[in-house]
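First comes the structure, then the notes that go with it.
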Amino acid sequence: MAYDAQEVETRWQKAWADAKAFEGEIDHSKPKFYCLEMFPYPSGSMHMGHVRNYSIGDAMARFHRLMGRNVLYPMGYDSFGMPAENAAKKEGGHPHTVTHRNIASIRADQERMGYSYDWRRFLATSDVDYYHWNQEMFLMLNERGLVERRMAPVNWCVDCDTVLANEQVKNNRCWRCGLEVVQRDMAQWFLRMTEYSDELLDEIDNIAFPENVKAMQRNWIGRSHGAHIDFPVADSDAVIGAFTTRPDTIFGVTFVTLSPEHPLCEELCDGTEWESDWRELRDECGRMSEFERINLLKEKKGVFLGRHAINPLNGEEVPIYAGNFVVASYGTGAVMAVPGHDQRDFDFAERYGIEIRRVLVENDGDDPAAALSAAFEGYGPMVNSGVEGFDGLDGQDAKDTVIAALEATGSGHGTVEYRLKDWLLSRQRFWGTPIPMIHCEDCGIVPVPSSELPVELPLDVTFSEDQSGNPLASHDSFVNTSCPSCGRAGRRETDTMDTFYDSSWYFMRFCDASNNSSPFDREAVDYWMEGGVDLYIGGIEHAVMHLLYARFFTKVTRDAGMNEVGEPFGTLVCQGMLNAPAPFCSDCNAEFHVDLFGADCPTCGESLSTRSVKMGKSLGNTVSPGEMVDRYGADTVRLFILFGANPEAGMDWSDSALEANHRQLHSIIDAMESAMSLDDSPSPLDDWLLARLRANQAAWRHSMFNVSIREGVMTSHYEMLSDWTWYVRRGGGDQDTAKQFLLGWIPMLAPATPHIAEHFWHSLGGEGLLATHCLDELTSLSDDDAKILAREVYLKELISSGRGLRELAERHAEEEITRAVIQTSPAWKEELARESMRLDAEGFDFKAGGLNHLKSMDVFANEQMRGEVMQTWMALTTGSKKKRGRIHTWSHGEKQLIISAIDETSVINMNSGFIAQALGVSSVEAYPAGEGEDVAGKARFAFPLEPGIAFL
RNA sequence: GCAGGGGUUCCCGAGCGGUCAAAGGGGCCGGACUUAAGCUCCGGUGCUAAGUGCUUCGCAGGUUCGAAUCCUGCCCCCUGCACCA
């Protein structure tokens with residue numbers, strides 16, 4: 001075997017490129033398949049996580065090309081963002097330079113892997129021919145009333161010098177740099193995503209996303225149905241609006257709580273004895289970050305504000321408190337407190353001695369006066385309402401009736417609240433899409449006319465470490481412009497867009513990537529995006545942000561008439577984690593850097609074990625794809641990645657498994673090469689090999705269609721090879737058969753290991769490039785195929801059980817074992833088998849009538865045989881507790897063998913040499929039980945397809 | 001606390017009512033080849049046994065003629081959300 005992976009792989013990569021093999025065009029005569037991976041941020045070179053992502057996508061793209069689909073498989077770069085800006089500062093250059101250098105690097109890595117991208121559709125979001133259309137889309141959003149500029153308290157990261165969206169704040173820390181986020185009030189640009197809250201939520205039910213992603217999105221949108229209730233403040237014009245999901249507990253309200261930041265607090269207690277307490281509480285809460293308020297606040301605290309609110313349904317006056325557990329940003333920042341049926345309110349009421357009133361009972365007829373030792377938060381019939389017409393109502397009925405009463409008096413209404421907020425779009429950074437707006441002293445904020453787009457980022461900016469703030473703001477020729485409306489001097493907006501904006505529609509741009517007059521052509525998008533991207537592959541980390549923004553965008557462009565579909569993604573696959581070993585201390589439950597392998601725990605001093613954890617820089621347990629490709633070739637790395645685990649499952653990196661996959665590939669190469677140098681030598685095994693080919697082809701297609709790539713690869717790279725090996729061992733070796741087998745096999749190798757496949761396709765004289773080849777429909781397995789396969793299974797099982805028995809026999813044999821005598825099933829047992837199968841096909845009830853039927857048969861007449869006949873019949877039909885009857889367990893092929901009266905004796909005798917060799921004996925002799933000596937009394941074991949074997 | 005996903009034989013990982021002592025891979029053991037190691041090939045890898053019987057799929061119960069698979073409860077792990085009214 002001489003296979004130089006580096007040479008072969010790069011040669012075929014060039015051949016594919018030269019032949020423009022992967023350039024997809026609209027073709028209505030073929031079903032389309034849009035295969036897409038979440039495009040990368042170009043941070044330098046490709047890492048193993050990328051390799052996994054793209055190897056999955058490429059395998060599926062190549063598979064669907066083989067299946068005759070018109071495949072769109074593009075690649076681009078999500079190249080705006082802070083790392084490039086920071087790198088530019090470090091080296092005193094421009095982010096544009098950094099970005100393109102990195103793109104060139106990662107693209108070279110991807111090309112070396114042999115991914116079958118249509119590189120003509122390449123895009124980088126930081127290139128003006130992409131972000132131009134970001135701006136065009138922004139104008140469209142603006143026209144549709146979805147853009148809004150307003151003052152807002154924003155999450156500010158001092159280190160990154162920018163604002164963050166809520167989704168970009170994790171545990172009150174910046175998702176990028178980890179610094180604690182502070183709150184600031186600023187004028188900001190928003191996209192009114194909440195306009196689409198309901199559709200975004202309701203459509204989740206109809207999307208083929210994994211359950212966890214759906215759950216996360218539902219959670220994030222957080223729709224809750226309830227009521228808005230107005231509580232007028234006594235002796236005042238003020239009204240406290242409160243949102244509740246439990247209007248059925250309205251009569252249990254014994255106080256009202258405002259968040260300490262609520263504007264009404266000051267109004268209510270201003271100049272009173274209560275004011276100082278409130279200020280103290282407000283300041284205390286203000287000092288705490290939201291994270292602390294949520295996570296560290298164990299104690300529910302509040303202060304009375306000196307005033308009372310009026311329950312609109314019963315006119316009752318209840319005290320108003322400010323409470324530290326009320327969140328200003330959710331609902332109205334005010335809560336109607338029902339201590340009897342909300343545990344938080346219960347705790348608060350107990351602490352401040354406020355009445356706890358029961359207004360629900362658990363079950364009809366329960367005592368309405370029963371005391372509560374804790375809040376009852378479930379649903380149940382209303383009691384103690386104090387107003388006619390409510391007691392006894394339960395659940396939704398109760399809610400509806402209360403809401404109707406509120407609406408009738410104008411003091412409230414049914415409403416819906418969302419956790420989802422509008423999308424805070426603006427960032428005070430340079431390396432992003434400039435927001436195309438101009439500030440004019442006379443006209444206010446005026447959009448840049450479409451004809452004047454793009455607003456380009458200046459390239460004549462030099463970045464340096466000591467800069468602070470946004471370089472755009474101090475770039476005069478960028479900032480100074482004229483007002484499109486009045487023509488007088490104006491200033492450009494210097495905020496740029498969140499980079500999630502860029503990735504919210506790139507999948508549509510890919511459909512028409514070189515369009516230079518609009519973001520994309522509708523016809524192209526409607527063709528490729530019909531039913532959404534057919535397979536979208538990426539990490540779970542984008543479950544809420546990217547996937548939600550992209551869904552929002554697609555709905556907006558749909559409503560603007562730019563495309564037909566409303567949901568961008570059909571099947572979504574979230575690839576699992578890629579793990580690698582790292583030192584681990586089980587006592588401290590902590591992982592450490594790989595430098596500490598073999599050392600003691602730096603915390604407790606115990607010796608460290610190892611554990612498989614997510615590959616990452618911080619632990620240093622990464623593996624460089626480039627190094628592995630240099631050593632083993634791209635095909636080996638791809639095979640390892642795809643065979644290691646199914647796409648969604650986590651997988652562990654293993655050097656020894658990688659090497660094993662490399663060896664497997666070489667075994668395949670050896671098999672291919674030897675298969676190509678055969679002579680004409682037909683044998684009965686030829687039909688078997690070709691039947692196996694057909695069976696494997698069907699199994700492989702089934703697995704691959706379901707993105708069960710691991711199972712697919714097991715068939716294509718393991719089963720196929722072991723079938724070939726078996727064929728050769730059994731004495732097969734026919735040129736023409738081998739060629740047919742290889743013609744079927746080689747395409748199956750292509751999705752995972754395309755270079756080797758292309759190489760052998762060419763060696764075999766396959767037509768054209770395998771990369772653009774389409775496979776024919778499969779013919780289903782015939783009865784003959786089933787029989788041929790079953791006969792070989794029969795031999796394999798004979799050998800397998802023979803081996804087991806030989807081991808036992810050795811313990812009993814006095815002398816060396818030299819021969820095997822095999823007694824096959826007597827004819828009458830086969831007759832019974834056929835009869836039971838015939839009855840079974842008619843739906844015969846063996847439990848009810850099996851014995852009677854047997855008694856009517858001729859074999860039963862022989863009294864001496866009666867015991868064995870009964871046993872055989874039972875084994876065939878009803879079976880025992882542990883094993884079902886054979887008529888239920890035989891394969892279709894095995895049944896065919898029996899029906900067609902297979903001559904087991906001659907099958908064995910024809911293959912006696914092979915069997916003897918496999919069993920380690922010098923001779924094998926076979927005859928039907930009863931037609932020769934009953935050697936060692938083994939005749940009684942003889943059963944159809946399960947002969948009795950004796951070793952002597 | 002809520003939601004989603006999991007716990008399978010030394011390890012990874014399939015199976016999801018009978019064909020299951022449970023695919024496949026890794027590791028390990030034995031044999032062949034080789035001067036030898038490696039590679040490659042063949043076989044073995046719960047205990048027992050001339051084809052039998054026993055124990056096993058997180059734990060405990062249940063349904064069934066029959067459960068790794070279905071149901072109930074519990075324990076543990078991962079992921080996301082979280083004083084959300």
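Convention: sequence-line order gives letters A, B, ...; per-chain numbering from 1.
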Heavy atoms under 4.0 Å, any strand shown: does A/A242 hit a base, just sugar-phosphate, or nothing? nothing
B/A23 pairs with, by Watson-Crick or G-U criteria that keep both distances under 3.5 Å: none
For a quick check under 3.5 Å, do A/W726 and A/E792 share a side-chain donor-acceptor pair by atom type? yes
Please figure out whether A/I540 or A/A809 has its closest RNA chain B nucleotide nearer the 5' end. A/A809
Looking only at side-chain N and O atoms, does A/H812 come under 4.0 Å of OP1 or OP2 in B/A50? yes
What is the base-pairing partner of B/C57, counting Watson-Crick and G-U wobble geometry with both distances under 3.5 Å? none
Rounded to the Å, how far apart are A/F325 CZ and B/A85 P? 13 Å
Name the nucleic acid region contacted by A/S654, choosing base, sugar-phosphate or nothing; use a 4.0 angstrom heavy-atom cut-off, strictly under. nothing
Phosphate oxygens OP1/OP2 of B/G17: is one of them under 4.0 Å from a side-chain N or O of A/R884? no
Pairing nucleotide - B/G43, Watson-Crick or G-U, each distance under 3.5 Å: B/C29
Which is true for A/P947 with a 4.0 Å heavy-atom rule: it touches a base, it touches only sugar-phosphate, or it touches nothing? base
Separation of B/C84 P from A/R246 CZ (nearest whole Å): 14 Å
Where the side chain of A/F643 is concerned, which of B/G51, B/A85, B/G24 is the nearest nucleotide? B/G24
If I pick the P atom on B/A36 and the same atom on B/A22, what distance separates them, to the nearest angstrom? 36 Å
Partners of A/F941 by side-chain contact (heavy atoms from CB on, under 4.5 Å), sequence neighbours excluded? A/K938
Going 5' to 3' through nucleotides 3-12 of chain B, assign each nucleotide B (protein heavy atom under 4.0 Å from a base atom), S (under 4.0 Å only from sugar-phosphate atoms) or - (no protein heavy atom that close). SS--------
Think A/R819 forms a cation-pi with A/F951, using NZ or CZ under 6.0 Å from the six-ring centre and within 45 degrees of its axis? no
Over all strands shown, is A/G226 touching base, sugar-phosphate only, or nothing at heavy-atom distances under 4.0 angstrom? nothing
Using the C1' atoms only, state how far B/G80 lies from B/G44, rounded to an integer number of Å. 46 Å
For A/T194 and A/D422, does a side-chain donor sit closer than 3.5 Å to a side-chain acceptor? yes
Within this structure, what is the CG-to-C1' distance between A/N646 and B/G15, rounded to whole angstrom? 13 Å
Determine the interatomic distance between C1' on B/C20 and the same-named atom on B/U55; round to the nearest Å. 15 Å
So A/F243, base contact, sugar-phosphate only, or nothing? Heavy-atom distance under 4.0 Å. base
Atom C1', compared across B/U69 and B/G62: separation rounded to whole Å: 15 Å
Any strand is fair game: report the nucleotide pairing with B/G18 by Watson-Crick or G-U wobble, both distances under 3.5 Å, or none. B/C65
A/M714 near the nucleic acid: base, sugar-phosphate alone, or nothing, with a heavy-atom cut-off under 4.0 Å? base
Give me the ring orientation class for A/Y727 and A/W724: parallel if the planes are under 30° apart, tilted from 30 to 60°, perpendicular past 60°. tilted
Should A/R344 be listed as having a side-chain N or O under 4.0 Å from OP1 or OP2 of B/C84? yes
Taking atom P in both B/U79 and B/G13, what distance in whole Å separates the two? 16 Å
Taking the inter-plane angle between the rings of A/H413 and A/H228 on a 0 to 90° scale, is it parallel (under 30°), tilted (30 to 60°) or perpendicular (over 60°)? parallel
Rounded to whole angstrom units, what separation is found between the NE2 atom of A/H888 and the C1' atom of B/U19? 12 Å
Aromatic ring centroids of A/Y321 and A/F348 under 6.0 Å? yes
Any side-chain heavy-atom pair of A/I250 and A/P247 under 4.5 Å: no
Over how many whole Å does the gap from A/R811 atom CZ to B/G51 atom C1' extend? 12 Å
Interatomic distance at P, B/G43 relative to B/A23, whole Å: 15 Å
Every protein N/O lying under 3.5 Å from an N/O of nucleotides 41-44 of chain B:
from  : atom 1 : to     : atom 2 : distance (Å)
B/C42 : O3'    : A/R729 : NH1    : 3.4

Can you tell me how far SG of A/C574 sits from CD of A/E541, rounded to the nearest 0.5 angstrom? 8.5 Å
Taking B/C84, B/G25, B/G51 as options, the one with an atom nearest any side-chain atom of A/Y718 is B/G25
Using the six-membered ring of A/F251, assess whether NZ or CZ of A/R357 lies under 6.0 Å from its centre and within 45 degrees of the ring axis. no
Look at all strands and tell whether A/T244 reaches a base, only sugar-phosphate, or nothing, counting heavy atoms closer than 4.0 Å. sugar-phosphate
Report the C-alpha distance between A/Y632 and A/F640 in whole Å, list the side-chain angles of each, state the deciding distance to 0.1 Å, and finish with yes or no for ring pair (Phe, Tyr, Trp, His ring centres under 6.0 Å). CA-CA 11 Å; A/Y632 300 106; A/F640 165 73; 9.6 Å; no
Which whole number of Å gives the distance between the P atom of B/U19 and that of B/C54? 15 Å
Round to a whole Å and report the spacing from NE2 of A/H228 to P of B/C84. 20 Å
What is the distance from NZ of A/K938 to P of B/G51, rounded to the nearest Å? 6 Å
Identify the nucleotide, in any strand shown, that forms a Watson-Crick or G-U wobble pair with B/U34, with both distances under 3.5 Å; if there is none, say none. none
If B/C84 has a Watson-Crick or G-U wobble mate with both distances under 3.5 Å, name it; if not, just say none. none
Send over the distance from A/I949 CD1 to B/U52 P, rounded to a whole Å. 13 Å
Before accepting this row, confirm whether a basic side-chain N of the pair A/R886/A/D840 lies closer than 4.0 Å to the acidic partner's carboxylate O. no
Can A/E377 and A/R246 be counted as an ion pair, charged N to O under 4.0 angstrom? no
What integer number of Å spans the P atoms of B/C76 and B/C42? 47 Å
Closest listed nucleotide, where the reference is the side chain of A/M216 and the choices are B/A49, B/A85, B/G80: B/G80
Whichever of A/D342 and A/T889 has its nearest RNA chain B nucleotide further upstream toward 5': A/T889
With a 4.0 Å cutoff (strictly under), does any side-chain N or O of A/R663 reach OP1 or OP2 of B/U40? yes
